[in-house]
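Working notes for the structure below.
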Amino acid sequence: MSENLSAAAMAQWVRQFATLIAQNREHLTELDAAIGDADHGANMDRGMSAVVKALDDAQPTAAGAVLTGVGMTLISTVGGASGPLFGTLFLRMGTALGDAGEVPSQELGTALRAGLEGVVARGKAELGDKTMVDALAPAADALDAALAEGLPLADAVARASEAAATGRDCTTPMLARKGRASYLGERSVGHQDPGATSVALLLEAASELGR
Amino acid sequence: MSENLSAAAMAQWVRQFATLIAQNREHLTELDAAIGDADHGANMDRGMSAVVKALDDAQPTAAGAVLTGVGMTLISTVGGASGPLFGTLFLRMGTALGDAGEVPSQELGTALRAGLEGVVARGKAELGDKTMVDALAPAADALDAALAEGLPLADAVARASEAAATGRDCTTPMLARKGRASYLGERSVGHQDPGATSVALLLEAASELGR
Amino acid sequence: MKKLINDPNDVVAEALLGMEAAHASLSVDHANKIIHRAQPPRPGKVGIISGGGSGHEPLHGGFVGLGMLDAACAGEVFTSPVPQQMIAAIKLVDGGAGVLQVVKNYTGDVMNFDMAAEMTASQAGTRVVSVVTDDDVAVQDSTWTAGRRGVGVTVLLEKIAGAAAEQDRTLDQVADVARAVNANGRSMGVALTSCTVPAAGKPTFDLGEADMELGVGIHGEPGRRRVPLAPAKDIAAMLLEPILADLPFTSGDGVIAFVNGLGGTPLLELYIMFNEVNTLLGQHGIRVARSLVGSYITALDMAGTSITLLKVDDDLLSLWDAPVNTPALRWGT
Amino acid sequence: MKKLINDPNDVVAEALLGMEAAHASLSVDHANKIIHRAQPPRPGKVGIISGGGSGHEPLHGGFVGLGMLDAACAGEVFTSPVPQQMIAAIKLVDGGAGVLQVVKNYTGDVMNFDMAAEMTASQAGTRVVSVVTDDDVAVQDSTWTAGRRGVGVTVLLEKIAGAAAEQDRTLDQVADVARAVNANGRSMGVALTSCTVPAAGKPTFDLGEADMELGVGIHGEPGRRRVPLAPAKDIAAMLLEPILADLPFTSGDGVIAFVNGLGGTPLLELYIMFNEVNTLLGQHGIRVARSLVGSYITALDMAGTSITLLKVDDDLLSLWDAPVNTPALRWGT
Ligand SMILES: Nc1ncnc2c1ncn2[C@@H]1O[C@H](COP(=O)(O)OP(=O)(O)O)[C@@H](O)[C@H]1O
Ligand SMILES: Nc1ncnc2c1ncn2[C@@H]1O[C@H](COP(=O)(O)OP(=O)(O)O)[C@@H](O)[C@H]1O
Ligand SMILES: [Mg+2]
Ligand SMILES: [Mg+2]
Ligand SMILES: [Mg+2]
Ligand SMILES: [Mg+2]
């Protein structure tokens, strides 16, 4: 990932995310089977396959437009909880990046935070509710901090990815209070949240491109 | 079994048959599962339990009446193919023995043949169709022959029992042409007929009492 | 065995209690295990009774009501009812115009219904006519055997003959309609899993994870052959081809197409099957005049499906469309 | 995985083809996966749409027709539909009196229907009101969580609100009726086996031969606890007690009692369950005003049952009795 965020870089990130989702499809479904309804892998994979197909057909020339396009596709192809939530995440990130063809790399921090806020506005989850927010919020915090420290984007993204992974792991002991897993009450404890796992893959995709 | 057929002797025979059916209930059902509908054991056991209960309540004093009573009970409690067929078998046997309190033991041969004829009239099965007839007909033949030779009833019944058992075993290689097993065509070959197995138990019950 | 039951011996009696409580239009003679219309028979109408072993619900009790059966005799699971039941049912539904018995072609059913008809004729003088259904093309037909099994056509026959009786057609006319339905209907089924008879407590047959039983009977009787699992499209073809060849159905025919679930198969899958059947029939130039998709003649908890085609003329079709008001089939009333 | 399907990805699209072919009264917008009445909307009638993940058939598509839904949006299996589908459905059924959305309380469903309502309001100006069902007492309720799941009450609500709309009640009145149904209804279910999501290809959960999952969700979500298999009588009590305690229902109440099959359970067992429910309700002095027994809100091929009780007043009862003509529920027309 270069120091300026181009449409091409954003598309590369999204494609890498789609690849990781496809590779982890069964894993995500198994996580969802334990505390949900066994469809998270299929949902994300259906959505990200549609995203890749749309990018193959026509790729926007502005960095922000790539991400809003992803958001629109996710909202219109995924359904369930992850459709609106990941859709909103990308929509807000794209909107935050604005209309410019390329934007300075610091903007990624702003974008991720805007995306997080969108997810929270839509899903009303707080930290500790055992949702994707538990991976997304630490990632946004880590990215902001790293960029504020003046780290290069690749390193900042790597830190965000580590934070997301830790956040994901921390969902395991949590009692779910939002989403389908919340129906389980105490029985949700001891299982890793699928949505947080997908968020960790999103940041991992970014960090892989930075390497 | 004494040389005269009394109501008590007939009841003893019927009760012993009920015992053997109860002991073989699962076996009969398994045989029926392979080429039928997995209910022959339950059917015969339901019927013979009702028969024993009826005998406990009131036992006719005439030998023939015991058997016609058994036939009526089987017809009204069993259903399926075995209800009318075993019911008819006992009805006709009882009718053949007539109204006398005790009848000479030779009459058992006449009775069994009458029963066989009733079964054939009702079910239209011929020898070799893989049905209860394949055990019943050889048993009736053996009993007739043994009694004609002047053998004591106990020995004659033992021969009939052997013949029924052989007849039962001979159903295994047969292709079913009557009853539910006939729906299987070639696939009925290689399985022992459940109804013939029950007939063999009926004769075994008689022979056990003769010992 | 995983079933929502109490004692396996009480399955039929308790289900009848439930049916009676659930449907105000029905009454149950619990001693004789007869489900009958709560209304007494209408004088001059032919009475129609049916019955058979239990485990095929909603058949037959769920088809008692206006425009269909007058009474149904429930046997033990997979075991035909006994003559006393039919004798009592005939008495209940006799409106003076005689009684039609709808009998599925199983040795036990035929014998028990025949005995009932014989006894009724000699005792009560009611005219009783039996029509036997034998539509299962999975079974090799022959005069030397018990012939074919009665399966899906029974549902369509009970509806159509019921409508004919409601029009005050005579017993002979109603019986003719019933025979016409059986003559023009063919069925075949497939099992993805065995059923489990409650009293037996374990599956009737073992079926490998990758196998299915083609031509299975509604009592779990083995079928034509065991074949590997296949997509819905291929299963539809495997079931339809023997059916189409048998009558034979020909291009231009109008049919009632009936895709039936065997008890453990959800509606979602039946609609997928119906889509395949509909497409294949289109390819053969056969017109689907009416359709029925659902679990109407089941084999306990068996997963699987059966397909029934009934070639219809205008009379059969208008009788099919006539009002019916039963727990399981209801329209036009 | 033993299913009558082709490619797992095509399950929903092909089932919709089958539904359309099977029911002349329905049309399907295949691009948007919307099942709607073949007749255009009647001006002045409130439109009612619902929808959700597929795999619960006949819910919701089987409830489209006179006296019930105007349209149903089919999502992927167990995955709520996307906003575009509801936006298109709202447009299809809008007769000028506004549109009610019936939404089961799952995060995904609520968000997607909400987004559709927001977008419709800002674009088309149609008034859209959502009513959310959350009747599953197996789930601990709390304002801090997603709350309870919407299950069996959804069926009763769609019937009753549909009847209110057919009477040309206003959108607010229809929504009030719908809310009253949800407020007075409670449900709980039990699974004897897991379901298998076609795309997953294997059972969602493992359940021992001697165990059942008490309080299971209709997507195979784990329930309150895993307990040993029990007789129907005890299962009925385990499901009814929490339901009765929750509202609470009290002696003298009249209810609609709904015993539902989860997809793999045959009708025979449901009637046995209904008999137990009916007996238990009698012991509590609760009057079964109406009943419904069958598989109406399923979880693919799951074996099991759910019980729903709805406390009714005269208005709700007369709306329940009003004519309905859909593939899955039909009476009085
Ligand atoms: N209210 C919420 N806020 C944030 N994330 C949520 C919320 N509800 C659910 N999620 C996330 O969605 C994930 C489940 O997504 P998915 O399985 O695709 O949808 P569904 O639950 O509708 O089947 C959960 O693991 C969780 O991370
Ligand atoms: N037409 C027939 N004549 C003689 N015996 C028959 C005939 N049909 C069936 N049977 C006998 O009945 C037995 C099956 O009895 P059962 O399983 O109780 O009845 P069903 O076949 O109705 O389930 C067969 O094994 C066979 O011996
Ligand atoms: Mg999920
Ligand atoms: Mg049998
Ligand atoms: Mg039988
Ligand atoms: Mg889902």
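Lettering of chains follows the sequences in order, A, B, ..., and the numbering in each one begins at 1.
- Of the listed residues C:Thr333, C:Leu270, C:Thr298, the one with more heavy-atom pairs under 4.5 angstrom with chain D than any other is C:Thr333.
- Note on D:Met273, D:Met19, D:Lys233: by heavy-atom pairs under 4.5 Å with chain C, the leading option is D:Met19.
- In terms of heavy-atom pairs under 4.5 angstrom with chain C, the leader among D:Leu16, D:Val11, D:Asp7, D:Val190 is D:Val11.
- Looking only at side-chain heavy atoms (C-beta outward), C:Ile272 and D:Leu4 stay at 4.5 Å or farther from each other.
- Looking at D:Asn278, the atoms closer than 4.5 Å to chain C (heavy atoms on both sides) all sit in the side chain, from C-beta outward.
- For D:Leu268, the parts sitting under 4.5 Å from any heavy atom of chain C are the backbone and the side chain alike.
- Proximity to chain C (any heavy atom under 4.5 Å) is shown, for D:Thr265, by both the backbone and the side chain.
- Contact of C:Leu17 with chain D is made through backbone and side chain together, with heavy-atom distances under 4.5 Å.
- Inspection of the C:Asn275 and D:Glu20 side chains reveals no N or O donor paired with an N or O acceptor under 3.5 Å.
- If you measure heavy-atom distances from D:Leu59 to chain C, you find no contacts under 4.5 Å at all.
- In summary, the aromatic rings of C:His23 and D:Phe274 are positioned with their centroids too far apart to meet the 6.0 Å limit.
- Contacts with chain C were tallied for D:Lys2, D:Glu57, D:Glu14; D:Lys2 has the most, counting heavy-atom pairs under 4.5 Å.
- Counting heavy-atom pairs closer than 4.5 Å to chain D, the top-ranked of the candidates C:Ala13, C:Gly263, C:Ala22, C:Pro198 is C:Ala22.
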